[in-house]
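Just so you know, ligand 1 is whichever comes first in the structure, and atom 1 is the first atom listed for that ligand.
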Amino acid sequence: MKQLTRISTTFALSALALSIAATSHAVTNEEILRDQQTPEDILSYGMGLNGQRFSPMDSLNKANVNQLTPAWAFSFGGEKQRGQESQPLIKDGVMYVTGSYSRIWAVDARTGEEIWQYDARLPEGIMPCCDVVNRGAAIYGDKVFFGTLDAKMVALDRETGKPVWIKKVADYQEGYAISAAPMVVDGKVITGTAGGEFGVVGKIVAYDAETGDKAWERPTIEGHMGYIYEDGEAVENGITGGEANLTWPGDMWKNGGGAPWLGGTYDEATNSILMGTGNPAPWNSHLRPGDNLFAASRLALNPDDGTIKWHFQTTPNEGWDFDGVNELISFEYEEDGETVHAAATADRNGFFYVLNRENGDFIRGFPFVDKITWASGLNDDGSPIFTEGGRPGNPFGDDAEDGKGETVFAQPSFLGGKNWQPMAYSQNTGLFYVPSNEWSMDIWNEDVTYKKGAAFLGAGFTIKPVNDDYVGVLRAMDPHTGEEVWRHENPAPLWGGVLTTAGGLVFTGTPEGYLKAFDDETGEELWRFNTGSGVVGNPVTWEMDGEQYVSVASGWGGAVPLWGGEVGQIVKDFNQGGMVWTFKLPSSAGNADVASR
Ligand code: CA
Ligand code: CA
C-alpha cells in the first residue's frame with residue numbers, strides 16, 4: 001500500500017511538471033520592461049527594473065489586510081540555514097526563490113510543492129564577508145539565472161532546474177563573491193561582484209543570456225580598463241573615465257575595492273544601468289589620500305557596452321565603510337511644468353540623495369537618520385561637509401598609539417543608516433519607505449598591507465546601540481522636502497526589504513520574525529504575522545487566479561549577527577530558519593482547491 005502511494009505521488013509530480021511545461025513560455029525583454037504593470041508575474045528584482053517595489057494592485061488594502069492569512073509555506077530544508085535575503089520571482093504559476101548557500105528552488109505557486117531544487121557546489125574557502133546570503137534570481141527566455149558565493153553566474157532551464165551554462169565571473173580565492181540578484185536588460189544578464197573587504201577590484205559583468213558568452217566587463221576603480229568581447233576576445237573599451245593616479249596615490253588603485261555587491265536597477269528612459277559601488281579598500285583612508293573614484297559612488301552605465309555615462313560619489317575618500325551601494329530608484333515628478341527624471345538613494349552614510357538620472361546632477365539631499373557625526377551637511381553639488389575630528393585617526397600620525405590611530409565615535413555605524421535592504425517608492429503617496437537603523441560605532445585605523453585572499457581593512461570597530469529600546473526605524477520620507485512623514489521603531493535592526501502597494505500598504509519584516517503591514521499615510525501597523533524566524537528578505541505581491549498574494553522569505557541572518565558588536569546582544573536569541581511564506585485573503589475558491597487535493 002505504501003509502495004502504491006509513492007508511485008502515485010511520483011506520477012502526480014510528473015503530471016504537474018508536464019502541465020507547467022505546457023503553460024509556461026519564454027520571457028521577453030518587453031515583458032521584463034513592463035514588469036511593474038503586470039501583477040500576474042514578478043520578473044525582476046525590485047518588482048520592476050526601476051526598483052520601486054510598488055505594486056499597482058489594490059484588492060488587498062487597508063480595509064481588509066487584517067484578514068491576510070497563510071496560504072502555504074515552503075521549507076528550504078537542509079542543516080545549513082542562515083540569512084534568507086532573497087526576493088521571489090513568479091512566472092506562469094511557478095515561484096523561483098533563492099536561499100542561503102547559493103541554492104534555488106522552483107515551487108508551485110498555488111500549493112507550495114517543490115518542482116525542482118538546484119544547489120551550487122560551493123568549494124571550501126569561499127569568502128563572503130557578511131553571511132552566505134543570496135538576494136534573488138533573474139528570468140529571461142526559458143532560463144532562470146543566479147549568482148553564487150564562489151562568484152559564478154548560473155543559467156538553469158526553468159522547467160527542469162538543470163544547468164544550461166555556468167560561467168566564472170571572478171576568482172573567489174581573491175575574495176570575490178556574488179550575493180546580488182542579477183538583472184536582465186535586452187537579453188544580457190548583468191551582475192555586480194562583492195569582495196571590497198578583501199581588496200578586490202569591483203566589476204560589473206554582462207553575459208549573453210542565451211549562450212553565456214561574455215558581452216562586456218566594467219571594473220569600478222579608476223585606472224582599470226573596461227572591455228567588450230567579440231567572438232570571445234577582449235576588445236579594449238576605452239579608459240574608465242580617468243587615469244590611475246588622478247584620485248588614488250601610488251599603486252593603491254590596484255586593490256581599490258569599489259565592489260558593486262548589491263547589483264542595480266535599470267532606467268528605460270535613459271537606457272542606463274544604475275549601480276552603486278562599495279568602499280574603497282582598505283578601510284583605512286589615510287593610506288589612500290584622494291577621492292578614490294569610482295568607489296562609494298553611484299554609476300550610470302550603458303547596458304550595451306558597460307561604459308560609464310556618469311558617476312556621483314556620496315563619500316569621497318570614504319573612511320567608515322559606508323560603501324555606496326544602496327539602490328538607486330527611478331521616479332518622476334513635475335516641477336515648473338517639466339517632468340524631472342529623478343533617482344533617489346538612501347546611503348549607508350546617513351544622507352538621502354535625489355539625483356537627476358539623465359546626467360547624475362545632484363538635485364537635493366538631506367539626512368534620513370537622527371544623527372550624522374562625520375559630516376555636518378551637503379554642499380550644493382552634494383559633496384559632504386566633513387566634520388573636524390569625525391574621521392578615524394591616522395595610525396602614522398602624532399596622535400597614534402601602539403600602531404592605532406585615534407579612535408572616533410561615528411554615527412551611523414558602518415552597517416549604515418540603511419544597509420542592503422531596499423526601500424520602496426509609492427506612486428500613490430510620492431513617499432519613499434526607508435528601512436533604516438540608528439546605531440553608532442567606535443572605529444580606529446591600523447596599518448595593513450594587501451595580501452591576496454586576506455581581509456584588507458586596516459581598521460577595527462565596535463558597533464553600539466544609541467537608544468535604549470530600538471535600533472530599527474521604518475521611515476516614510478518625502479523626497480522633495482526631506483520631511484520624515486512617519487516612523488515606526490523596532491527593537492532589533494531592520495534588515496529586510498520594503499514593499500508598497502496601491503492598496504495603501506507598506507510591508508516589511510523584522511528580525512523578531514514578523515512580516516508587518518502598515519498604513520502608507522500614517523504608519524499605523526495594520527497586520528502582523530510571525531514566520532518563526534527573522535524576516536530579512538524582500539516581500540513581494542502578485543496576482544493569481546484573480547486573487548492577490550503576498551510572499552516573503554524568512555530566516556534570520558545577514559551581517560548583524562556577525563558584525564553587530566554590542567547590538568548583537570539584542571539579536572543573540574533569535575532562531576535561524578529557512579522558509580518562504582505565502583499569504584492571501586481567505587476565499588471559498590481557495591479553500592475548495594485545498595479540499596479537492
Ligand atoms: Ca509583472
Ligand atoms: Ca564594505
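Applying side-chain contact (heavy atoms from CB on, under 4.5 Å) to V205 and the options R218, M153, E217 leaves one that passes, E217.
If you look at the Ca ion (ligand 1), the protein N, O or S atoms less than 3.0 Å from it are D35 O, D35 OD1, T38 O, T38 OG1, D41 O, D41 OD1.
Within the cation-pi definition used here (under 6.0 Å to the ring centroid, within 45° of the axis), K203 qualifies as a partner of Y176. Stacking of R135 on the aromatic ring of Y45 is not recorded, the 6.0 Å distance cut-off and the 45° axial limit not both being met.
Considering only residues two or more places apart in sequence or on other chains, E318 meets the side-chain hydrogen bond (donor to acceptor under 3.5 Å, both in side chains) condition with none of them.
Here the two rings, on F368 and F432, have centers that are 6.0 Å apart or farther.
The Ca ion (ligand 2) is closest to atom OD1 of D321 (considering only N, O or S atoms). Note on D323: its N/O/S atom closest to the Ca ion (ligand 2) is OD1.
You'll find the side chain of V94 reaches within 4.5 Å of the side chain of I115, heavy atoms only.
To the nearest 10 degrees, the Ca ion (ligand 2) sees OD1 of N279 and OE2 of E197 at an angle of 80°.
Taking the six-membered ring where the residue is Trp, W320 and F386 present parallel rings, their angle staying beneath 30° rather than reaching 60°.
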